[in-house]
Amino acid sequence: MTAGVRLNWSRLRARLDALGRVGALEGGGVCRLALTPEDKAGRDLVAGWMRELGLHVSIDAIGNIIGVRSGLEDGPPVMTGSHIDTVRTGGLYDGTLGVLAGLEVVAALNDAGVTTRRPLAVGVFTNEEGARFAPDMMGSLVYVGGLALAEALATEGMDGQTVGDALAATGYAGPAPVAAPAVHAFVELHIEQGPVLEEQAIAIGAVEGVQGISWTEVTVEGTSNHAGTTPMRLRRDAGYVATATAAFMRDLARRMGGDQVATVGSLALTPNLINVVPGRARFTLDLRNTDEGLLQETERAAFAEIDRLAAAESCSVTRRSLARFEPVAFDPAMVDRVEAAARARGLSVRRMPSGAGHDAQMMARVCPTGMIFVPSAGGISHNVTEHTDDVHLQAGAAVLLDLLVDLAMP
Ligand code: HGY
Ligand code: MN
Ligand code: MN
Ligand code: MN
């Protein structure tokens with residue numbers, strides 16, 4: 001426990017609400033797609049808070065914003081952070097909790113006049129969601145050297161703009177080079193985004209790792225035709241191939257059970273008209289599993305079925321991989337630390353995998369990394385009704401404070 005250093009909950013709550021007003025949607029929720037004007041406005045707000053807190057703020061060439069609080073000694077910082085970009089139907093806490101709780105730890109240390117031995121850093125990583133530009137966790141992946149900067153900048157988004165152009169338009173194409181950073185340890189606080197902690201009435205998740213992620217864009221080419229005059233036997237219905245794939249994948253994932261999940265999240269039909277047989281279907285396939293072997297098995301089954309359906313419908317099909325990350329296990333010593341810090345606060349805690357991708361899975365490539373989960377109401381996330389009770393947000397921030405100070409002090 002960090003005697004003498006007190007988080008100021010109303011300050012953290014006020015910042016969560018202030019950032020939540022950036023890109024706020026009518027009726028609730030937030031939309032700050034990566035590198036849009038809304039994302040830029042959120043970046044401006046958070047970078048301003050970093051400067052107010054006395055952090056040295058650097059912005060790198062993929063737009064990651066890193067605020068550093070000096071320690072008694074120089075050297076690799078203890079780091080926390082997450083993202084502030086959202087999906088189109090985002091909530092208040094996905095990503096932002098990790099960034100703003102990190103800033104609150106800095107503010108609390110400032111209030112107490114405490115200087116840690118090691119520097120403390122808070123990161124805002126670019127394009128964690130991958131909803132506009134794939135892959136997800138793009139900024140942290142470049143940060144750790146897992147994706148070449150040039151390749152990331154050349155990536156074209158779903159709206160045809162490149163990351164490089166969108167980044168330049170926000171003014172956050174920074175001067176700092178991207179290179180495998182020297183970080184002592186990384187801890188990310190994040191909402192669970194799933195049902196487990198709430199169902200089991202547990203306050204803290206000590207995250208053991210992140211499941212494997214496979215994103216594919218599939219394009220099916222058939223023949224547009226008249227919906228009234230074209231006999232079923234003569235159709236080349238691309239829409240049928242796409243929707244039959246979705247049905248197959250749901251059934252397959254359910255039969256596989258365990259952690260297997262499969263999602264056809266986006267589907268575009270051309271010409272998308274009531275009286276025209278779709279000549280083209282473009283859809284995405286999001287497959288995840290904690291087991292790499294099972295994830296590969298699901299990929300093979302999915303691609304074989306898509307090919308079978310397309311052939312039977314005399315359609316052609318092309319596939320493009322948008323993201324592929326193997327499961328990541330966090331440093332067991334860091335998982336132990338999260339668990340111990342929760343217990344030291346008298347909080348219930350359980351070890352668990354993450355169903356969602358996170359920047360922490362990239363940071364785990366360069367330093368000992370841990371994640372703290374707090375419950376999501378109804379297990380809902382990537383939804384404007386995303387909610388976590390204040391008591392859980394406070395508990396997560398307190399565990400983060402203790403962990404960061406423990407890692408930065410000795
Ligand atoms: O897709 C994910 O799991 C993350 O939210 N980018
Ligand atoms: Mn997130
Ligand atoms: Mn997310
Ligand atoms: Mn994430």
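Every number for a ligand or one of its atoms is a count from 1 in the order of the listing.
Between R15 and D17 there is no salt bridge, since no side-chain nitrogen of the basic residue lies less than 4.0 Å from a carboxylate oxygen of the acidic one. Note on E217 versus R319: no salt bridge recorded, every NZ/NE/NH1/NH2 to OD/OE distance being 4.0 Å or above. Between E208 and R351 there is a salt bridge, with a side-chain nitrogen of the basic residue lying less than 4.0 Å from a carboxylate oxygen of the acidic one.
Rounded to 10 degrees, the NE2-metal-OD2 angle spanning H382 and D94 at the Mn ion (ligand 3) equals 90°.
A cation-pi arrangement, defined by a distance under 6.0 Å to the six-membered ring centre and an angle within 45 degrees of its axis, is absent between R324 and W215.
For the residue pair E299 and S214, a side-chain donor N or O sits within less than 3.5 Å of a side-chain acceptor on the partner. A donor-acceptor pair shorter than 3.5 Å can be found between the side chains of H387 and D389.
Of the listed residues (V87, D136, D94), the one carrying the non-hydrogen atom nearest atom 2 (C) of ligand 1 is D136.
At a 4.0 Å heavy-atom cut-off, ligand 1 does not touch H358 at all. Residue-level proximity to ligand 1 for R288 is carried by the side chain, the only part with a heavy atom below 4.0 angstrom.
When distances to the Mn ion (ligand 2) are checked against a cut-off of 2.8 Å, D359 contributes no N, O or S atom below that limit. At least one N, O or S atom of H190 sits under 2.8 Å from the Mn ion (ligand 2).
The side-chain hydrogen bond (donor to acceptor under 3.5 Å, both in side chains) test with H83 singles out one residue from T96, D94, D136, and that residue is D94.
Under the 4.0 angstrom criterion for non-hydrogen atoms, H382 is in contact with ligand 1. Contact analysis puts W215 in contact with ligand 1, with a non-hydrogen atom separation below 4.0 angstrom.
The closest approach of E129 to the Mn ion (ligand 3), by N/O/S atoms, is made by OE2. Of all N/O/S atoms in H83, NE2 sits nearest the Mn ion (ligand 2).
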